[in-house]
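Below is one structure; the comments refer to it alone.
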Amino acid sequence: MKYFLSLCLLILLSMSVEAKPITLLSDDPKDLELFFKDGRYDIASDSYRLLLQNLVDVEFELKIAPTARIDSLLRQNKTICAVNRIKTEERLLYNLYSYPVHLYPSHRLYYFKDRTPLLDSMITQTGELINLNKLFGHYTSANIAIETGRSYGKNLDQQLTKLNQENILFRAGSDAYEAMIKLFQRHRVDFFNFIPHHF
C-alpha cells in the first residue's frame, strides 16, 4: 500500500491567506505529469490528479529527489509532503500519514529461471517465496538489487536486514529503478524486487 503524506496539514495550511506553496516530493520524474490534465493515465496518476485538482487554494511545487534524500527532507521541521511512502513504525516517529489514496500490487521478485530457479523447498503451495533467507541460504553467492532508503514493507524490510550485506546491491538516485533494471538485464544481479506500477 502506498500513502500520500500529511494531507490534513495541507488542508489546514490552505486556510491561510499568506500560505506558501507546499513542497511535494517524489522519486519518479514521471510524476511531473500529475500537474497536467493530459498526462499519463494510471491508478496512481489519476488518483493524485483528482486529489490535487480538488484541493482548491493550495499551491504545490513538485520536486524530484532520490528516495534516500526524500527520507532526509521529511525529517526536517518543514511543511513537506511526499507520495509513494509506505507507512512503517520508524517513519511514524517523524511523519504523519493520510489514508491511502490508491493501492498497488505487492512487490514481485524477478529472477533467472536458468541460473537461480526457485526450488520447491523455497516456495509455498500457492507459489510464493517463503522468505529471502531460504532463498539466499541456497544461493549464497547470489545478490539482489534494492533501492537505498526505500521501504519494501515491514516483512521484507526485516528479511533484508538478516541477509549478508554481500548479497545486497544498493542503488540510489532518481533513476534507481531504471539502473537496477539494466543491471538485471545484463546479469549483474540475480534477483530484482520491484512494484509493477513503475513500468
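Worth knowing before you read on, the calculation uses all heavy atoms, side chains too, and leaves out hydrogens, waters and symmetry mates.
Interatomic distance, NZ of K63 versus CZ of R69, reported as 9.5 Å (0.5 Å rounding). Rounded to the nearest 0.5 Å, atoms CZ (R150) and CG (L160) are 13.0 Å apart. The structure places CD of E166 at 11.5 Å from CZ of F136, a figure rounded to the nearest 0.5 Å. Here the OG atom belonging to S26 is positioned 7.5 Å from the CG atom belonging to L24, to the nearest 0.5 angstrom.
Using a 4.5 Å cut-off on side-chain heavy atoms (C-beta onward), C81 and T23 make no contact. With contacts defined as side-chain heavy-atom distances shorter than 4.5 Å, the pair I144/L169 does not qualify. At a threshold of 4.5 Å between non-hydrogen side-chain atoms, the residues D28 and I64 do not count as touching. F191 is not listed as a side-chain neighbour of N143, based on a closest heavy-atom distance of 4.5 Å or more. R108 has its side chain out of reach of F192: every pair of non-hydrogen atoms, C-beta onward, lies at least 4.5 Å apart. The shortest distance between side-chain heavy atoms of T67 and R85 falls below 4.5 Å. Contact check for L118 versus L135: side-chain heavy atoms found under the 4.5 Å cut-off. Side chains of L132 and L163 form a contact here, defined as non-hydrogen atoms less than 4.5 Å apart.
Take N133 and apply the side chain to side chain donor-acceptor pair (under 3.5 Å) test, not counting sequence neighbours, and it matches no residue. For K78, the side chain to side chain donor-acceptor pair (under 3.5 Å) partners at least two apart in sequence or on another chain are Q76.
What you find for N167 and S141 is that their closest heavy atoms are ND2-C, 4.2 Å. In this structure, S151 and I86 approach most closely via the heavy-atom pair O-CD1, 3.4 Å.
Of the possible donor and acceptor atoms, one in the side chain of T148 sits under 3.5 Å from a partner among the backbone N and O of R171. Side-chain N or O atoms of Y152 include one that pairs as donor or acceptor with a backbone N or O of E147 at under 3.5 Å. Remark: the backbone N or O of Q158 is paired with a side-chain donor or acceptor of T161 at under 3.5 angstrom. Between the side chain of Y139 and the main chain of P117, a donor-acceptor pair closer than 3.5 Å is present. Counting only distance, with no hydrogens or angles, the side chain of N95 and the backbone of L74 share a donor-acceptor pair below 3.5 Å. Although no hydrogens or angles enter the test, the distance criterion places no donor-acceptor pair under 3.5 Å between the side chain of D27 and the main chain of P66. At least one donor-acceptor pair under 3.5 Å links the side chain of N131 to the backbone N or O of K134.
Counting heavy atoms of neighbouring residues, nucleotides and ligands inside a 6.0 Å radius, atom CZ of R115 exceeds 12 of them. In the displayed structure, D120 atom CG is contacted under 6.0 Å by at most 12 heavy atoms of other residues, nucleotides or ligands. Environment of CZ in R75: crowded, with over 12 heavy atoms of neighbouring residues, nucleotides or ligands closer than 6.0 Å.
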Check your understanding: Hey, mind stepping through T116 and D190 against side-chain hydrogen bond (donor to acceptor under 3.5 Å, both in side chains) and telling me if it holds?
Key -> CA-CA 7 Å; T116 51; D190 303 293; 5.4 Å; no

Exercise for review: Evaluate side-chain contact (heavy atoms from CB on, under 4.5 Å) for E128 paired with I123, printing each intermediate quantity in order.
Suggested key: CA-CA 5 Å; E128 296 179 359; I123 57 177; over 6 Å; no

Exercise for review: Show the numbers, then the answer: is there a side-chain contact (heavy atoms from CB on, under 4.5 Å) between L25 and I80?
Suggested key: CA-CA 7 Å; L25 301 173; I80 299 176; 3.3 Å; yes

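No continuous path of ILVMFWY side-chain contacts below 4.5 Å connects I130 to L119, so the two sit in separate hydrophobic clusters.
In the model, D71 has a side-chain atom that pairs as donor or acceptor with a side-chain atom of Y94 under 3.5 Å.
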